[in-house]
Amino acid sequence: MPLSLSSRIKFNRRTFLKGMSASTASAGLPLFHLTQNTEAATGNFPPSDKLESWQDLYKARWSWDSITRGSHGWMNCRSACNWDLYVKDGIVVREEQSANYEQAEPNVPDLNPRGCQKGGCYTEVMYGPTRITTPLKRAGKRGEGKWQKITWQQAIDEIAEKYVDIAIKHGSASINHEPGTYFDYGATFASLIRFATLFGSSAPDTYAEVGDLNMGATLTLGMPLIGGSSDEWFLSDYLVVWMMNPAVTQMPDTHFLYEAKYNGADLVVIDPVHSATAIRADKWLPIKPGTDAALGLATARHIWATDKIDLPYLQEQTDFPLLIRTDTGRFLREKDLIKGGKKNLYYVWDLNQEKAIPASGCEGNEDDYNLGLNGTNPAIEGFFEVRSEDGELIPVMPVGATIKEQLDEWTFEKAANATGMSLELIRDFAVGFANAKRPMILSSYGSNRYLHSDLMNRTKLLCLSLKGCIGNEKGAGFSSIGFHGMEGYEEFITNPGTGMLGQMKMMAKLAGNAEVFSTMVDQLVGKKSKLQARHKLFRQAHPLITPNFTDMTSQNYHYQGIKEDIATEMDDLYPRKFDDYVTESIEKDWMPVSPRSGKIRARIMFGSNLLRRNNMTAKLIAEQWNDLELTVDMNFKMSYTSMHCDYVLPVAGYYEKPGIKFPVSFAPYLQYCDVAVKPLGESKDEWEIHWLLSEAIQRIAKERDLAPLENVNGDENDLKTLCDRFSLDNKYGPHDAEKITEDIIVNSHSCEDMDIEAVKKEGIQKFKSVGAPGWVNHIYNSDWDGVGVLQPLTDFIRHKTPWPTLHGRQQYYIDHPWFIEAGEAVPTHKESPEAGGSYEYQMISCHSRWSVHSTWRDTPLLLRMQRGEPVMYLNPSDAKLYNLEDNDWGVFFNRYGEFRMRVKLSTMIRPKVVFYFHAWEPSQFPDHNSFKNIIPGLINPLHFAGDGGEGQMVLSAAHYSPGSHVQDTRVGIRKWQGEKLKTAEDLIKEQKRNSTDKQRISL
Ligand code: SF4
């Protein structure tokens, strides 16, 4: 029977957008819905408005006008996947995986198909109920939800005026550009960083603040982001997924784990939770949260005790043979032996010559600035004495000896006690690891969320180094995440000059720094290889090139009103008071904070969902947010943070602007994001928005004849030339996002000879090299030419290039006085502290299966696949204690307040642990009171230590900075009986009342 279409709304792009503005006018916001999308896809039925049969309906549904290759280029999802985007009548109606990746090597499975269910339904967000398509200005109080539609002209003019007013009144540094996790390698993110740098404002790095930064890896290897292609997992014979849940968080790559099993590998998962990855493992180790270092130490002990160590590797690649003075605990340096001796010349004890000799690979050893034993036989154990020039006998021991001493106590029994696992399970794991030929440890961002995560990661790396596995053989080593280098991108975001003159100015500025200058000369005269000079220069020049970088944890500590809370949590955990570490760090300029004084006066969000993400959010709102003079969010969807902003600027979504997905090494391909449809409604891409802002600010500065203002690092900054500098003297106009993106590709060595049209047509092209080491590229495999499985860190082993650490070797001994004093010079285990008070339950979390951060968290389609609202997982044995049944409301509380959440009973959770998948919006909780309000976010005070640029302990984005750690949080539980909860806001008021009372009494 023919179906009549007369009653249907006929949707094409125009009517679709018209419908959208109609809903905008009535509700204040454009309201899309999935059903509209389906209607749109099926609306334009050829050839008449009558369907003759069900087949016609089906055919009409699967018809399209064009297919574009695209991706979710701005999504912080650890992957890059190529998609076919089907467009009909100007609307993306369907997404399909492209599956055009090549097999890297014979007998290794290919990368196809790449994708996840979030990406497969991005159109649900794009056309969903939270989509923003018109500039909005707050019409009520912040967070009240009242908006008025304004024009772009009004939005840009008003915001630009406020930028200038605030910069004049409080300084440019008081304006904070907050990038969050929304970034790409094209014009989008480049425009934000470029604008913030040229305006002279602060741009905090959130990598560590969100808990993603692997400080253990930076301390040990000089870099935090380590990884090759995911097909390398297939080549391992002992895969240890240790603090990672790829079946949920990295779906496109997970198949290699299971394929490796068929290839004969053992798959071991170490996780307190019986995760989706653990379900398919050969062994699951249900470790007590926060005790991973204990397991690592027992494993390391077993490797050494059973003589499974790779001695030549330890002698050559690690600091095991470096001598430490037993009287001071510091490395023996030339300055200890000779007056005026070098600080950066270290020593080993050569067993062949029976004397201390300069260590190869350290910068101070000008004759041997390369790793390699060269006929020597350095001791890694024993005690020795060396004589100084003035006759003093100095007792010394190699680092290996002190590590062995530390390991001796870590018997399987002790590890079983610490980890809450059986002796057999621990022994079985350690034996398997020690006997494996190619053990590989997979550790993701989630491995950095405990106060002592650095110790855990240092311990994991120790197990691998003992077996000589890092950078040595394919299929063995450490895999967290790697990035290809794209110099075109780095140059575009950091070059603060205009044209040739600007370039020369920048070089002169860099060369004005004595260290940078001498590194440049070293490279010119061949004393340092290009690679050595590059990583050295990067460390030295980074603060000069991006002076506005600051670390967000420090910012929060100084400006969020949490100092007292952090003191309560931290002061008894380390030898000194927490604030003493911070004070010394600032005095020595190790960890400068921006702004250096005053207050943060403006927050410009770049899709960053700060008020969803921030720990102790209620404090941030009470102590800082309410005082802000300007809050803006540039976003394609309404988030909890946008709800609390003064202006919300609609940006083009993933399929509406050109871009490059960040070049993640798991799939070593350039992933181009082509434009499938025009920006929805009045949305604009970020390059255009920043271009318009810079133009308006330049105009205002000229109108006011504004004298140069001080920028974030104290230099003069002339806003009268802002747009000229931003646009590179008009080389790039407001509609040139595509041109910039193409230029970034053309100017990147890793993309050499790529044909731009082919890139767009295919969506992907395999990288030709790993690119130069830099901001986040730490692959260090200069031999890889786009062929074969990509293995990281091979340069150090094959070419004996020194590691980018203090002494050029993998560093297992941190001889910084703070680390020595705190007993953390060598990898060790420390208990997870009870953050939030001494409560019975440890509250831990993982990234979510049904959303990447909060982007899909409120998407109706995906909510239907879960419980539809935030849930806390609880072991049934614990639930019984509180008479809680599945789906009941539980109340979770600690010293910072309480919140309410449905409980989901599951034996996947250990008793005495409660667990949630992250990124629920506060607005999804009763009274907008989320768990974030009671998570203090511990900060490791040792991470404020610096080494003055001698080594890797240098503040730098995504490299080295303190972070906040959520997994140590403790809570109590009760069943909700309908009572009103004591929220964080109540406690803040109480705290304020108490301190006013105290002041009154003391007066
Ligand atoms: S969201 Fe990320 S993992 Fe998922 S399909 Fe897109 S690019 Fe791939």
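Along the sequence shown, residues are numbered consecutively beginning with 1. Indexing begins at 1, ligand by ligand and atom by atom, following the structure's order.
- Residue C77: no N/O/S atom is found under 2.8 Å from atom 4 (Fe) of ligand 1.
- F195 and H690 have tilted rings, their planes meeting at an angle from 30° to 60° on a 0 to 90° scale.
- Between F917 and F915, the ring planes lie perpendicular to each other; the angle is over 60°, past the 30° to 60° tilted range.
- With a 6.0 Å radius and a threshold of 12 heavy atoms from other residues, nucleotides or ligands, N107 has its CG atom at or below the threshold.
- Side-chain atoms of N448 and S453 include no donor-acceptor pair closer than 3.5 Å.
- Taking a cut-off of under 4.0 Å to the non-hydrogen atoms of G115, the atoms of ligand 1 that pass are 5 (S).
- Of all atoms in ligand 1, listed by their number and element, those nearer than 4.0 Å to a heavy atom of P252 are 3 (S).
- Across every non-hydrogen atom of T188 and P658, the tightest pair is OG1-O, 4.4 Å.
- In the vicinity of H72, heavy-atom distances shorter than 4.0 Å reach the ligand 1 atoms 1 (S), 5 (S), 6 (Fe), 7 (S).
- Protein heavy atom closest to atom 8 (Fe) of ligand 1, with residue, atom name and distance, is C81 SG, 2.3 Å.
- Counting atoms of ligand 1 from 1 in the listed order, those under 4.0 Å from a heavy atom of W83 are 5 (S).
- What sits closest to atom 4 (Fe) of ligand 1 on the protein, heavy atoms only, is C116 SG, 2.3 Å.
- The closest side-chain donor-acceptor pair between K460 and S443 falls under 3.5 angstrom.
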